[in-house]
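Just so we're on the same page: letters track the sequence lines, and every chain starts at 1.
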Protein chains: 2
Amino acid sequence: MPRAGLDRAAVVALALAVVDDGGSTGFADLTLAAVAARAGVAVPSLYKHVAGLPALRREVALVCIEQYGMALRAVRAEHSGAELLPAMARSIRHLARRSPGRYGAVQGAAWVHDPDAQAVRDASVRVVDELGDAVTALGVPPERRIDAVRAVRAAVHGFVVLELDGGFGMPDDVDVSFDFLVAGLVGGLERLSVS
Amino acid sequence: MPRAGLDRAAVVALALAVVDDGGSTGFADLTLAAVAARAGVAVPSLYKHVAGLPALRREVALVCIEQYGMALRAVRAEHSGAELLPAMARSIRHLARRSPGRYGAVQGAAWVHDPDAQAVRDASVRVVDELGDAVTALGVPPERRIDAVRAVRAAVHGFVVLELDGGFGMPDDVDVSFDFLVAGLVGGLERLSVS
DNA sequence: ACACAAAGCTAATGCCATTAGCCAAGCACG
DNA sequence: CGTGCTTGGCTAATGGCATTAGCTTTGTGT
């Protein structure tokens, strides 16, 4: 029987493929059995490369969060000033729609109290910092920065989650609603810089 | 062996207790085994009262969504005009913090494409209608009503989800951030009525 | 050519949901 | 009071999953 030639990275890549194929619940539904099937290998063989399902989830989440952060950094390289925040918001939604499973991996903050997930936490902090720069570029004063970032995260994340779960029953144009939300957000934050 | 005297309602009540004890993942972690243990009964006995785990989840979700809707209706009975929306937002967050597991049940919109979940969908629609009334009371014009409701849902839901998952790393006062978010939301929507 | 580490495997355990089929409790009616 | 049926409980069996233990084979490095 020929070897499959797996390694840690290959297993994570297969897991990402499973997540991608699983729609918006792809991450929650991630299973060692599915990864093993895709690798053409028996389930216990995976333990030669990853410590178990929770560890694999952690690795997958790390990749997804880093990808998320890279997307935001790319946005920052191409936009500035008041354009930065709306561009980031659009980028986040775009990412979530293109890879709903991976977006789900970014969410599930089981990491918060997991001592083995420092890398995941660090990556999350970098993402939040990007958003902080964007609100600052909007003129938000430093003492409001945290509140502003929280508001942005809440609004964008909430919208995306509701959209992915099909929570917006009406067929009415969701793009318009998103632009409306972002415009309101930007307007509200800009007014902070003058008042 | 004496009978346990269960019925459908009792099983759902036990399931709600399991959800309540399970923190913010209580709904996701709901298990027939846990319910059976609490009932002092073997797992298969539950099938005499509910059709299975998915069905039990549906029943639990229905209770939670109706409770959610009742809370909003209670708010509407006590507030009006521009005070209605902020009061509802606070009520939603309060509910979520007091019963994170139940809030999780409201979320998981697996119901959207489940033919057996019409009652759940109907209850959700009633909740959204409450919010629609609140934005209307703020002076939002009818053609913006849908966008406004979506923005409110996204912002509040996003905030609550991030808060429950511990997604707000900083210890900085989360109450202040929530008030900030709600104030921004109300301000943005009010400006629609004049422009 | 040999030895040893790494990468597969099978077998076994345990937890969960679900189905089938058995048994006893309690009520309903003669 | 008894006879019997409905009903709510049970055990046993099946199948999916994760995990652990321990065996075997492959490849590589010397």
key: Proximity to DNA chain C (any heavy atom under 4.0 Å), residues of residues 6-15 of chain B only   = none

All N/O contacts under 3.5 Å from nucleotides 18-21 of chain C to the protein, with atom names and distances to one decimal?
unit_1, atom_1, unit_2, atom_2, d
dT18(C), OP2, Tyr47(B), OH, 2.4
dT18(C), OP2, Leu53(B), N, 2.8
dT18(C), O5', Tyr47(B), OH, 2.8

query = What heavy-atom pair brings Leu138(A) and Ser193(A) nearest, and what distance separates the two atoms?
reply = O-OG, 4.2 Å

Going by atom type alone, with no hydrogens or angles, which donor-acceptor pairs under 3.5 Å involve a side-chain atom of residues 29-42 of chain A and a protein atom two or more places apart or on another chain?
unit_1, atom_1, unit_2, atom_2, d
Asp29(A), OD2, Thr25(A), OG1, 2.9
Arg38(A), NH1, Asp21(A), OD2, 3.4
Arg38(A), NH2, Asp21(A), OD2, 2.8

key: Short side-chain N/O contact to dA7(C) OP1/OP2 from Ser45(A), under 4.0 Å   = no

request  = Kindly indicate, with the supporting measurements, whether the criterion side chain to side chain contact (heavy atoms under 4.5 Å, CB included) is fulfilled by Arg121(A) and Val125(A).
outcome  = CA-CA 6 Å; Arg121(A) 273 190 296 278; Val125(A) 167; 5.5 Å; no

key: Gap between atom CE of Met88(B) and atom CZ of Arg73(B) - 0.5 Å precision   = 9.5 Å

request  = List the steps, then state whether side chain to side chain contact (heavy atoms under 4.5 Å, CB included) holds for Arg93(B) with Val174(B).
outcome  = CA-CA 11 Å; Arg93(B) 177 164 174 249; Val174(B) 178; 3.6 Å; yes

ask   = Between Arg57(A) and Trp111(A), does a side chain to side chain contact (heavy atoms under 4.5 Å, CB included) hold up when you go through it step by step?
value = CA-CA 10 Å; Arg57(A) 280 222 163 85; Trp111(A) 330 114; 4.3 Å; yes

key: Non-hydrogen side-chain atoms of Arg150(A) and Leu181(B) separated by less than 4.5 Å   = no

query = Heavy atoms under 4.0 Å, any strand shown: does Ala42(A) hit a base, just sugar-phosphate, or nothing?
reply = base

query = Does a side-chain N or O from His49(A) land closer than 4.0 Å to OP1 or OP2 of dG8(C), or not?
reply = yes

note = Rounded to whole Å, CG of Leu46(A) lies from C1' of dA6(C) at a distance of 15 Å

ask   = Linking Ile, Leu, Val, Met, Phe, Trp and Tyr by side-chain heavy atoms under 4.5 Å, what else ends up with Ile146(A)?
value = Met170(B)

Any residue of residues 16-23 of chain A with a heavy atom less than 4.0 Å from an atom of DNA chain C = none

message = Going by ring-ring contact (aromatic ring centres under 6.0 Å, His included), name the pairs with one or both residues in residues 13-56 of chain B, residues two or more places apart or in two chains.
response = none

key: Glu163(A)/Arg97(A) under salt bridge (Lys or Arg N to Asp or Glu O under 4.0 Å): CA gap, chis, key distance, verdict   = CA-CA 9 Å; Glu163(A) 181 181 13; Arg97(A) 285 162 59 99; 2.3 Å; yes

request  = Carefully, step by step, assess Val127(B) and Val106(B) under the rule side chain to side chain contact (heavy atoms under 4.5 Å, CB included).
outcome  = CA-CA 11 Å; Val127(B) 167; Val106(B) 172; over 6 Å; no

request  = Can you figure out which of dC16(C), dC10(D), dA18(D) approaches the side chain of Thr31(B) most closely?
outcome  = dC16(C)

task = Whole angstrom is fine here: how far is it from CG in Asp29(A) over to P in dA18(D)?
result = 11 Å

